[in-house]
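Numbered from 1 within each chain, the chains take letters A, B, ... in sequence-line order.
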Amino acid sequence: MELEKAYEPQRFESRWAQWWVETGIFHADPKAPGPRFSLAVPPPNVTGSLHIGHMLEHSVIDAAIRWRRMSGDNTLFLPGVDHAGIATQLLVERSLAAEGVTREQLGRAEFEKRVWQWKDKYGHRITEQMKRIGDSCDWSRERFTLSPELSRAVLEAFVRLYERGLIYRGTYMVNWCPTCHTALSDLEVKHEDTQGTLWHIRYPLKDGSRHLVVATTRPETMLGDTALAVNPSDDRYRDLTGKTAVLPLMNREIPVIFDELADPKFGTGVVKLTPAHDPNDLEAGKRHKLPHIKVISENGRMTDAAGPYAGLDRFVARRQIIGDLEKLELIEKIEPYALAISKCDRCGTVVEPLVSTQWFVKTKPLAAKVLEAVHSGRIVFEPENWNKTFFNWMENIRDWCISRQLWWGHRIPAWHCKDCQEITVAREAPSKCSHCGSARVEQDPDVLDTWFSSGLWPFSTLGWPDDTEDLRTYYPTSLLITGYDILFFWAARMMMLGLELMGDVPFRQVHLHTLVRDPYRQKMSKTKGNVVDPLDINEKFGTDAVRLALMMAAAPGTDITYSEDRLAAARQFANKMWNAARLILMNMEASGIAPSLPEAGTAETLEDRWIFSRLNRTAESVNRALAQHRYHEVGELLWQFFWHDFCDWYLEIKKLRLAPGSGLTNDWRNLLGVFSAYLRMQHPIMPFITEELWHRFGQTQSIALAAYPQPGATDAAAEHEMALMQEMITAARKLRADHGLDKKLVLEGVLFCRNGATNVELSVIEKLATVKLDIRTGAAPELQGAVRSTPEFDLVLHLPEVDLDVQRGRLTKEIEQLEKLIADKDRQLSNEKFLSGAPAQVVESLRSKRAEYVAQLEKSRTAFSSLQ
RNA sequence: GGGCGCGUAGCUCAGUUGGUUAGAGCACCUCGUUUACACCGAGGGGGUCCGGGGUUCGAGUCCCUGCGCGCCCACCA
């Protein structure tokens, strides 16, 4: 049964994807033998769809898992999805908006019902896509952060942390998004450098003696000013003790106070204090017991306290205030000013700092445990250059605001008493207040930050808080593979919560992969319209080719720039695999062998000794690169081995040996043994084509369950002999190409060999280079005609017509190169410091290298003069 | 204001601990379709490794510095 002529992945990929799921071969068994290797997938948004970043991430994760599984580990690849609180809620709200409905109009219960409907509708898309791209997950263990089981884990985690004093409720200044209408954690706020404006505003003193000039970037907040401050060491303002200023526009009297907050070097050295709208001012306000006047509300509009500006959007109010101040001639100066503006990560709205009562996680004690775990090596970053960034963040961590004023998420398990105002935190809804016994208790309306539940992922997915066999077997997980963009959001939180609640690290190793950018190095985003749908390119190039291309591009350090050229190259590689298999199968049929992959026999020929050596060397490098998460190296090693060793040389030589009707000869066994090993080695990167070919060669079990090739003995002598033979063949081809001779014309000549070079197999050289050679030992007595020389042999071809100009050109270039190299070596070898300082080995190799060049130079010169 | 990273062939990038003539893929040039693959084969051209110092017998690789670019963190007006 012959293979189709070309690699057409569409013909078989979805079939294998389905087969892998249906046969359940990736089902994890805690009782199975072998070292345990477990990994929980970074849960994608339940309503999301696969993007190119996922494609890279899943290629890498799946390769890691498949490699460990084939290496004999008891593996668990746990899949699942995240409810993605704010993202999903916004999505559904947007769809409601299209119907002309707001969530408030629907009410909480009805809205939640709508989101669940949405989840049911789109929630399977991403997991179906994961199956389609070949993720070798245990689908029986699929998890969802908002499922009843995981919700129980969230509840338990919250209560335990609360009981340990690690969760508290308090009133602080938080980041507030007026559009999403919720508090945000610090991480959900993006700082964007912007060219803003600094307005210098005059605040008259009450006594009319003078005015103070205050600089601000946010004039609208002045309506809430409750003081002006100057630095106590600032000589310019010593006389202001006890003075009062009049707040323009509001005509409110505000005191002038002395506080270190005011920097004498900034502007005029006078700063306005708005405790309700600025974190620094809030602190200063506390120190001086200043009143808070909230002039901006949760929806971004001015409050009643803003007097004539009440009800205006905060930015509209700003413009009006500037206009009004100008009319009053209270603007002293307007200058451009560079500042970082804070925006909501989700919707891009400018975040408003507001004082608000929220729930927080006390992070310092948790971070201490994490720092200890990383410092002691219980968690290892790979690549390790993230250590410093990570430590810096962990060491300066601030408390984590975990309450969100949303409706989609885990409801906070706290009940407020309407009588005594106290809070009861409990695992189940209490019938009465635990403080006063009142039955008038009501659950806190807020939900938890979506990252709170994701932070429990490595153990909540394994059955925690119950003591399950899965949890005992697979926790801590072995490896976390994720993008560096969610290092703090997710990885750091898992570490904190895992160490606190499980008493052990959530994973032993963290591999941070790179991000995929568009061809112009821009981040891919839907709004920019530069996203690439991986399903489209999988269809076009083949999923295996996309996996290979992405992994080969993903060298740690820099982000990947997306390029179709790479994908096309990878597809061509897959096509090469396909056609090599086709060649082998065709010849098997001719030799009377049924498709099969027998064990390799013993190496008898040079090419067998050589390919075994190369295979073992490649297996060694590939296993090491996989262990170090150097996936681009894995791809490159396998590419080189397969295309340039196996196809270009090994198969070409074997083609000369295989005879029709021969049956299963030793040549065949060796060829098939190497091919089988290659398929298995390539499988973690390219699961589909390898599975397809595996079966085309008569296998019935999945290749995913076959053994991963382990390194074996190498054969330096065989590699040297093979290299020599390749040089001889190449030399002949070069001579032919130099003279523009027909490929079919058999050229006659003499091969002069020295030393060990004599036992080359002449017939192989003759066939692969289309030559007819006499072979002699020793150096050529004279070098006439078309010659190519190396230290170990001289090849002289009798050409029908030697183009002397071509020969001279080639030789002149060679001679120049050699002279330069020799001069280079001479310079070093005449350097006393080098001779005394460098290791003997280095000096020796330099000497012998020089001797080789000199010998070769002699040859070239002789050949050149023989042309005269 | 801190921190990280990048600058190597026309393009996209490799280049673990400093040590043969710095590599790959794509693109380019020449030749080649009789038996796996034109998604191919054979051969070839192409690089002052961003600039400047330094350490060293020896630097693409280590140190300092300048230029250019990117990212992350950060409550100063």
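B:C73 atom P lies 11 Å from atom CG of A:Asp186, rounded to whole Å.
For the C1' atom pair drawn from B:G5 and B:G45, the interatomic distance equals 34 Å after rounding to whole Å. Across the P atoms, B:C73 and B:U17 are found 29 Å apart, a figure rounded to whole Å. Only the P atoms considered, B:A42 is 35 Å distant from B:U61, to the nearest whole Å. Here the separation of B:U8 from B:G60, taken at their P atoms, is 15 Å to the nearest Å. Of the P atoms belonging to B:C63 and B:G7, the separation is 14 Å, rounded to the nearest Å. B:G19 and B:A24 have their C1' atoms separated by 22 Å, with the value rounded to a whole Å.
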Please list, for nucleotides 40-47 of chain B, all pairs of protein and nucleotide N/O atoms separated by less than 3.5 Å.
unit_1: B:C40; atom_1: OP1; unit_2: A:Gln572; atom_2: NE2; d: 3.2
unit_1: B:C40; atom_1: O3'; unit_2: A:Lys576; atom_2: NZ; d: 3.2
unit_1: B:G41; atom_1: OP1; unit_2: A:Lys576; atom_2: NZ; d: 3.1
unit_1: B:G41; atom_1: OP1; unit_2: A:Trp643; atom_2: NE1; d: 2.5
unit_1: B:G44; atom_1: OP1; unit_2: A:Lys734; atom_2: NZ; d: 3.4
unit_1: B:G45; atom_1: OP1; unit_2: A:Lys813; atom_2: NZ; d: 2.4

Review item, nucleotides 57-59 of chain B N/O atoms under 3.5 Å of protein N/O:
unit_1: B:C57; atom_1: O4'; unit_2: A:Lys833; atom_2: O; d: 2.9
unit_1: B:C57; atom_1: O4'; unit_2: A:Phe834; atom_2: N; d: 3.3
unit_1: B:C57; atom_1: O2'; unit_2: A:Asn831; atom_2: ND2; d: 3.3

Check nucleotides 2-11 of chain B against the protein and report each pair of N or O atoms closer than 3.5 Å, with its distance, or say if there are none.
unit_1: B:C4; atom_1: OP1; unit_2: A:Lys388; atom_2: NZ; d: 2.7

Are any protein N/O atoms closer than 3.5 Å to N/O atoms in nucleotides 15-18 of chain B? If there are, list each pair with its distance.
unit_1: B:G15; atom_1: OP1; unit_2: A:Arg630; atom_2: NH2; d: 3.3

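Looking only at atom types and distance, the side chain of A:Thr514 has no donor-acceptor partner in the side chain of A:Asp559 under 3.5 Å away.
Qualifying side-chain contact (heavy atoms from CB on, under 4.5 Å) partners for A:Asn579, counting only residues two or more places apart in sequence or in other chains: A:Asn575, A:Arg582.
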Would you list the atom pairs, donor with acceptor, under 3.5 Å between side chains in residues 380-392 of chain A and any protein atom, with sequence neighbours excluded?
unit_1: A:Asn392; atom_1: OD1; unit_2: A:Asn396; atom_2: ND2; d: 3.3

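Of all heavy-atom pairs spanning A:Arg736 and A:Asp742, the tightest one is NH1-O, 2.8 Å.
Contact of the A:Leu567 side chain with the A:Tyr562 side chain is registered, since non-hydrogen atoms from C-beta on lie closer than 4.5 Å.
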